[in-house]
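Comments concern the structure below.
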Amino acid sequence: MRREIHFPGRESDEKTILVLHKHWLVFVRSVALFVVLAGVPSAIALVWSRLQTWALLPGTLGHTLIVIGGGLYFLFIWILIYDAWLSYYLDVFIVTDKRIVDIEQSGLFGRTVAEERLYRIQDVASTTQGILPTMFRYGNVYVQTAGKTERFIFESVPNPEKVTRTILGLTDKIADRAEADDDHPKTGNEKH
Amino acid sequence: MSFSANWLQLILLALGGLLLLIALAHTLTAWRFGGRMPLTAITNAIFIAGVVAITFLTWSMLSSVDWAGSFTVDLPVIHLKL
């Protein structure tokens with residue numbers, strides 16, 4: 001099932017070639033950190049209750065504070081996990097047959113949409129650095145353009161080399177079409 | 001030493017309310033920008049279920065607290081040699 005992506009200024013005849021999210025491992029890594037943050041106090045509480053050196057009686061101030069503090073803490077961690085999911089889910093890089101679009105969600109109410117026409121692309125490069133990116137085949141794709149946003153960075157996308165080749169293939173097609181138009185200009189207006 | 005639980009209630013209710021508001025804002029953001037997709041609905045449902053579960057668990061563990069009463073805190077006695 002392919003998610004229907006809505007982005008500003010989408011043209012009716014525009015064909016979506018690639019819809020890229022960050023690699024799933026990026027999301028798993030951030031969740032793992034929050035799981036550890038949630039697990040450590042839980043483990044301490046478990047050990048504490050097993051040792052039973054002293055117990056907190058329900059209804060006392062200490063018990064009340066720990067229960068409410070714990071509840072708030074876990075709620076906070078749960079929100080952070082969902083925040084990590086939202087960042088993963090809503091950060092999208094789109095390549096169409098006419099342009100590239102980089103949608104970035106920063107925080108709850110911050111959203112940046114940058115786009116550039118394919119004919120403005122000057123250079124495309126990709127990097128894969130580190131053990132995990134090499135093993136799981138993900139990395140950054142850098143798109144150099146002649147527009148306002150000089151450099152697009154598609155961060156931690158799967159198969160960066162394939163993405164690079166796809167974008168270069170599309171830009172080559174556009175360049176070939178432009179050359180063909182120059183060689184055989186339309187003469188429709190000359191006929192009278 | 002004893003003191004009223006009212007101030008504690010207020011602070012914790014405010015903190016809890018703030019977190020619940022943030023949680024609500026997250027679901028709205030997901031719905032607004034993620035589109036009305038099954039995945040958006042499923043993840044939102046899981047998130048809301050988690051928020052409800054944590055809130056309910058905390059609430060149920062506090063059932064024995066007498067909020068109208070007061071807490072007693074035993075402070076260590078300090079002996080001063082003069």
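Chain naming here is simple, since letters A, B, ... match the order of the sequence lines and numbering starts at 1 in each.
Note on A:Phe154: it clusters hydrophobically with A:Leu168, by side-chain heavy-atom contacts below 4.5 Å among ILVMFWY residues. Connection of A:Val31 to B:Ile42 is established within a shared hydrophobic cluster, with ILVMFWY side chains joined at heavy-atom distances below 4.5 Å, either directly or through further cluster members. Note on A:Ile121: it does not cluster hydrophobically with A:Tyr142, by side-chain heavy-atom contacts below 4.5 Å among ILVMFWY residues. There is no path of hydrophobic side-chain contacts, each under 4.5 Å, that joins B:Phe47 to B:Leu24. A chain of hydrophobic side-chain contacts below 4.5 Å, direct or via other Ile, Leu, Val, Met, Phe, Trp or Tyr residues, connects A:Ile174 to A:Ile167.
Crowding of A:Ile131 atom CD1: a count of heavy atoms from other residues, nucleotides or ligands under 6.0 Å not exceeding 12. Few gaps surround OH on A:Tyr73; more than 12 heavy atoms of other groups in view lie less than 6.0 Å from it.
Of residues 75-88 of chain A, those residues lying under 4.5 Å from chain B by any heavy-atom pair are A:Leu75, A:Phe76, A:Trp78, A:Ile79, A:Tyr82, A:Asp83, A:Trp85, A:Leu86.
Chosen from B:Thr55, B:Thr58, B:Leu28, B:Thr43, the residue pairing most often with chain A at heavy-atom distances under 4.5 Å is B:Thr43.
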> Passes side-chain contact (heavy atoms from CB on, under 4.5 Å), B:Leu15 versus A:Ile68? Steps please.
Replying inline: CA-CA 10 Å; B:Leu15 273 173; A:Ile68 295 178; over 6 Å; no
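Proximity to chain A involves both the backbone and the side chain of B:Ile46, based on heavy atoms less than 4.5 angstrom apart.
Separation of atoms CG (B:Leu57) and CZ (A:Phe74) is listed at 9.5 Å; rounding is to 0.5 Å.
Grouping Ile, Leu, Val, Met, Phe, Trp and Tyr residues whose side-chain heavy atoms lie under 4.5 Å apart, directly or via other members, places A:Ile44 in a hydrophobic cluster with A:Val36, A:Val40.
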